Each structure stands twice: as C-alpha cells, then as structure tokens.
Amino acid sequence: MARRHAEISGAGFAGLTAAAALAQRGWSVRVHERAGSLRTAGAGIFIFENGLKVLRAIGAYDEAVAGGHQAPARETRDAQGRLLARLNTSQDGRVYTVVRQQLLEAVAQAARRAGAEIVMNSEVVSATPRGELTLAGGERATADLVIAADGVNSRIRDALGLLKSRVAMGDGAIRVLMPRHGDAVDSADEIVEHWSGKRRLLYVPCGKPWLYLALTTLLDDSAGHALPLDARAWGASFPHLRPLLERIGTLGRWDPFETIHLRTWSSGRVAVVGDAAHAQAPNLGQGGGCAMMNALGLAVAVDQDPDLGSALRRWEARERPLTEHTQRVSRFYGAVGRWPERLRSFTFNLAGRSHWLLEQRMRTAHHSPTGT
Ligand SMILES: Cc1cc2nc3c(=O)[nH]c(=O)nc-3n(C[C@H](O)[C@H](O)[C@H](O)COP(=O)(O)OP(=O)(O)OC[C@H]3O[C@@H](n4cnc5c(N)ncnc54)[C@H](O)[C@@H]3O)c2cc1C
C-alpha cells in the first residue's frame, strides 16, 4: 500500500499524540497550529496511569515526567482545613503532576522524532469529508485522513455539523502556576482539594520548583473569578490559606467548563478527537488523558484496517463508551459541588470509603488504552 498521509488541525495533546502515533506507523503527517509557538495555559496537569501508558507507547514518557511529582496522597478538606477524605495514591495506581508545557513539548518531540512536521502560524479554515483541507493563507491540501484536534471551539467539527450538544457546566476555574518556596505555606506534598461553600481550591505540587493551583467557582460568582485574583474574597472562604492566596498576585487564567458530545466522531475522511469531540469538566483530571488515549486509539484503528470508514467506526465503538463514562462521572462530581455543605461532606466521606464509587471515579485511570 502507498504511504498514507494525514493532515492534523491543532497541536495540543490530541493532535500531537495522533501525529506521533501515525508517524510511528509509517504515515506522513503534517500538523497545523494556528499559534506562533507550542504553548499551554500556565498550569500543571494530572497524568494518571492511562495517560502514562500512552506516553510510554509513543516514546514521550521520560521527557514528560522528568522532575514531575508523585504525591503520597490525595485529600479533601473543608473550609477550616479539616480532613474529609484521604486516598493514598500508592493504593490506587500512579499519578504524576507535571507542568503542562513540559508535557506538550515531550509529546511534540516524540512526534518530530517519528518524522511528523509541525507547522506554526498555520490556521485551518475548513475540511471536507473527502479529505480536503484549506488553510487561512488559501493553501489547499488533500489527505487520506484529516484529524480535527482543534479544541473545544473546533471549527471543522462545527462546519461538518457533527455537534450534538455543547453544555456550559455553570462553573470554571482560575489556574495558576507559581514558584514553590518550600516554606510552611507551600511545602505540603499531598494534593489537597479544599472546599468552602461553592468554591474549591485545588493545591497541586508539580515537582520541587512549581505549585499549581486551580480555584474553581460558579459562573455567577463574579468576585470568585475576577482577575487579578481577589485574594480577599478567596481568603474569606479559606482563612487558613490566606498566605498562599496572597502570593498569587497577577498570575492566573480563567476558563469555564463545558461538556461536548458529537453525533459521531467522524465524517468521511475527517476524524474529530480531543476536546473538539469530547470536552469535559476537569473534575477527574482526564480531559487530556482521554484526548491522548483516543488519539493513539485512532492511529491504531486506521493503521490496522485499510478501509477508513470501517476503521473509524471501530475506533469510535471501542473508545467512546469509556470517554462518555468519564464525562458522566466528572459531571456528577461537579454537581455534588453544588449540594449543601453537610450533604457534600457526607458524600465525600462515603465516596472515600466506597469501593464502587472509587471504581467509577478511577475506571479511566485504570484502563489499558488501545495501543499500549
Ligand atoms: C481547569 C482545567 C484543568 C484541567 N486539568 C486537567 C488534568 O489535570 N488532566 C487532564 O488530563 N486534563 C485536564 N484538563 C483538560 C485538558 O486541558 C484538555 O482536555 C486538553 O488540553 C485537550 O487537548 P486538545 O489537544 O484536545 O485541545 P487543546 O489543548 O485545546 O489544543 C487545541 C489546539 O488547536 C489549536 N487550534 C485551534 N483552532 C485551530 C485552527 N483552526 N487551526 C490550527 N490550529 C488550531 C489551538 O491553538 C490549540 O493549540 C483540564 C482542563 C481545564 C479547563
């Protein structure tokens, strides 16, 4: 068979993983990124066992986790800092927390090593089911496979009419990445989710030098999502965290949460993957994990079956149920956050001890992705 060619829109975790996996299988691959450089929001990211397996399979593991953090435990605490639940991470599979930029560059390097071309300042304006791609500069290209990995606002997905639902979850987060001083304020090595009313603050060490914070609140909490961060408003919710909040200064970026479902993940020669196809609220830390799993699964499917239509159908049938389970559990977890405080605390306490609830929450992390 002649060497097959893929054109990919978007150099995020989904596009770059697909690029690496296809190029490693002998495809010629070109990735278009509209930005001038590879960059992510200044933040950290959780990579659970499933994502680590994908990174291993595409040869990005060592660079991705170098200097990363493996927390001894994940804790849930109330507004006074009292412990509601504690899960020892060693009991429950590995999770690394790393700086996003490092992860993205590791995956990009794996793609380049395999021979994929990554073109910056290259914006895709449209793609057709026949595999034709048009760039902002007017250039046209054709491919055996076009991958729309262009994120939550995917232009290709919308133009192809694939969107079934796009739901704003009513909340969002300010993400902050800041240097760690290693003093009483930021020396704890556990990952801790602090809850107070409808606000929560996720404390995540990312190796020795960096601390990642995610401050989640409702869209109608205007003081809660103001930027620069309103340290006084957040300090009123978490008095014991005031010294930490005061260090944030002008850092931070706000993103609302959304859940996306498509009618189908492909149309003709176009496959949609990552947030473009299945964005989710980040309550389980699995949006990027699902993006990478489904991108690798896509490469495996199209490589195994020369009939693209049947390969894409098999890919979706194999990967979609777990992704939708992840979206459901994440959505449920977000809903619990809106319950009255006592009921919520009771639920977290129960969730920390219920094997069944834990299994629902960790099913994605424990999954062995296709191709690993
Ligand atoms: C607060 C928060 C915390 C999160 N925490 C975690 C976590 O801990 N673990 C985890 O696994 N996931 C997490 N996620 C989810 C994760 O960030 C996303 O699921 C992941 O980034 C999706 O990757 P992607 O490649 O699909 O999309 P993106 O990362 O959005 O990449 C899309 C790329 O396409 C480019 N692009 C867009 N349009 C075009 C175009 N027309 N032409 C060319 N290029 C284009 C964009 O510039 C971008 O580079 C979190 C999300 C949020 C909001």
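Each ligand, and each atom within it, is numbered from 1 in the order the structure gives. Small disclaimer: the values here were computed from a predicted structure and weren't measured.
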- Task: Heavy-atom distances under 4.0 Å are what count here, so tell me which part of Gln280 touches ligand 1: side chain, backbone, both or neither.
- Result: neither
- Message: Only heavy atoms of Gly289, strictly under 4.0 Å: list the atoms of ligand 1 that pass.
- Response: 11 (O)
- Starting from atom 21 (O) of ligand 1, locate the nearest protein heavy atom and write down its residue, its atom name and how far away it is, to 0.1 Å. Phe13 CD1, 3.6 Å
- Say whether, by atom type as modelled, one donor and one acceptor occur between the side chain of Thr216 and the main chain of Arg200 under 3.5 angstrom. no
- Query: Does an N or O anywhere in Ala276 fall below 3.5 Å from an N or O of ligand 1?
  - Reply: no
- One finds that the ligand 1 atoms under 4.0 Å from a non-hydrogen atom of Pro282 are 1 (C), 2 (C), 3 (C), 4 (C), 5 (N), 50 (C), 51 (C), 52 (C)
- Message: Within this structure, what is the CG-CZ distance for the pair Asp305 and Arg314, rounded to the nearest 0.5 Å?
- Response: 5.0 Å
- Query: Does ligand 1 have any atom sitting under 4.0 Å from a heavy atom of Ser154?
  - Reply: no
- Task: Tell me which part of Arg100 gets within contact of ligand 1: side chain, backbone, both or neither, using heavy atoms under 4.0 Å.
- Result: side chain
- Task: State, yes or no, whether a side-chain contact exists between Gln70 and Tyr96 at a heavy-atom distance under 4.5 Å.
- Result: yes
- Query: Taking only heavy atoms of Gly12, which atoms of ligand 1 are found under 4.0 Å from at least one of them?
  - Reply: 25 (O), 31 (O), 33 (C)
- Item | Exam field: side chain Arg157 to backbone Val152, donor-acceptor pair closer than 3.5 Å | yes
- Worked check of side-chain contact (heavy atoms from CB on, under 4.5 Å) between Thr347 and Trp339: CA-CA 10 Å; Thr347 308; Trp339 291 0; 3.4 Å; yes
- Task: Report, in ascending order of atom number, the atoms of ligand 1 lying under 4.0 Å from any heavy atom of Gly285.
- Result: 7 (C), 8 (O), 9 (N), 10 (C), 11 (O)
- At a non-hydrogen distance cut-off of under 4.0 Å, which region of Phe48 contacts ligand 1 (side chain, backbone, both, or neither)? neither
- Message: For Ala35, which part has a heavy atom under 4.0 Å from ligand 1: side chain, backbone, both, or neither?
- Response: neither
- Query: Can you tell me the protein heavy atom closest to atom 7 (C) of ligand 1 and the distance?
  - Reply: Ile45 CG1, 3.4 Å
- With heavy atoms and a 4.0 Å threshold, my read on which part of His32 contacts ligand 1 is backbone
- Query: Taking NZ, NE, NH1 and NH2 as the nitrogens, is one of them in Asp255 or Arg175 under 4.0 Å from a carboxylate oxygen of the other?
  - Reply: yes
- Among Val124, Val125, Leu215, closest by heavy atom to atom 42 (N) of ligand 1 is Val124
- Any nitrogen or oxygen of Asp275, main chain or side chain, under 3.5 Å from a nitrogen or oxygen of ligand 1? yes
- Query: Would you call Lys198 and Asp221 a salt bridge, taking side-chain N to carboxylate O under 4.0 Å as the test?
  - Reply: no
- Message: Is Tyr212 close enough to touch ligand 1? Criterion: a residue heavy atom under 4.0 Å from a ligand atom.
- Response: yes
- Item | Close N or O approach (Phe46, ligand 1; < 3.5 Å) | yes
- Rounded to the nearest 0.5 Å, what separation is found between the OH atom of Tyr333 and the CG atom of Leu357? 11.5 Å
- With a cut-off of 4.0 Å, which atoms of ligand 1 are near a heavy atom of Gly274? 26 (O)
- Greater than 12 external heavy atoms within 6.0 Å of Arg166's CZ: yes
- For atom 12 (N) of ligand 1, which protein heavy atom lies nearest, and how many Å away is it? Gly288 N, 2.9 Å
- Can you tell me the protein heavy atom closest to atom 32 (C) of ligand 1 and the distance? Ala149 O, 3.5 Å
- Knowing that exactly one of Arg74, Arg77, Arg86 qualifies, which makes a side chain to side chain contact (heavy atoms under 4.5 Å, CB included) with Val192? Arg77
- Can any side-chain N or O of Tyr203 pair as donor or acceptor with the backbone N or O of Asp186 at less than 3.5 Å? yes
- Task: For Ala214 and ligand 1, answer yes if some heavy atom of the residue is under 4.0 Å from a ligand atom, otherwise no.
- Result: no
- Message: Going by ring-ring contact (aromatic ring centres under 6.0 Å, His included), name the pairs with one or both residues in residues 268-301, residues two or more places apart or in two chains.
- Response: Trp265-His278
- Query: Which atoms of ligand 1 have any heavy atom of Ser9 under 4.0 Å away?
  - Reply: 40 (C), 42 (N), 43 (C)
- Residue and atom name of the nearest protein heavy atom (relative to atom 53 (C) of ligand 1), distance in Å to one decimal: Arg175 NH2, 3.6 Å
- From Glu33 atom CD to Glu123 atom CD, the distance as rounded to the nearest 0.5 Å: 9.5 Å
- Query: When you measure from atom 44 (N) of ligand 1 to every protein heavy atom, which one gives the shortest distance, and what is it?
  - Reply: Arg34 N, 3.2 Å
- With a cut-off of 4.0 Å, which atoms of ligand 1 are near a heavy atom of Gly151? 27 (O), 30 (O), 32 (C)
- Query: To the nearest 0.1 Å, how far is atom 49 (O) of ligand 1 from its closest protein heavy atom, and which atom is that?
  - Reply: Glu33 OE1, 2.6 Å
- Task: Sequence neighbours left out, what passes side-chain contact (heavy atoms from CB on, under 4.5 Å) with Asn50? Give chain and number order.
- Result: Phe48, Gln286, Met293, Thr364, Ala365, Pro369
- Message: A side-chain contact here means heavy atoms from C-beta on lying under 4.5 Å apart; do Leu135 and Val124 qualify?
- Response: yes
- Compare Val272, Val95, Asp150, Asn121 and give the one whose heavy atom is closest to atom 37 (C) of ligand 1. Asp150
- Glu7/His32 under side-chain contact (heavy atoms from CB on, under 4.5 Å): CA gap, chis, key distance, verdict: CA-CA 8 Å; Glu7 295 273 338; His32 302 275; 2.5 Å; yes
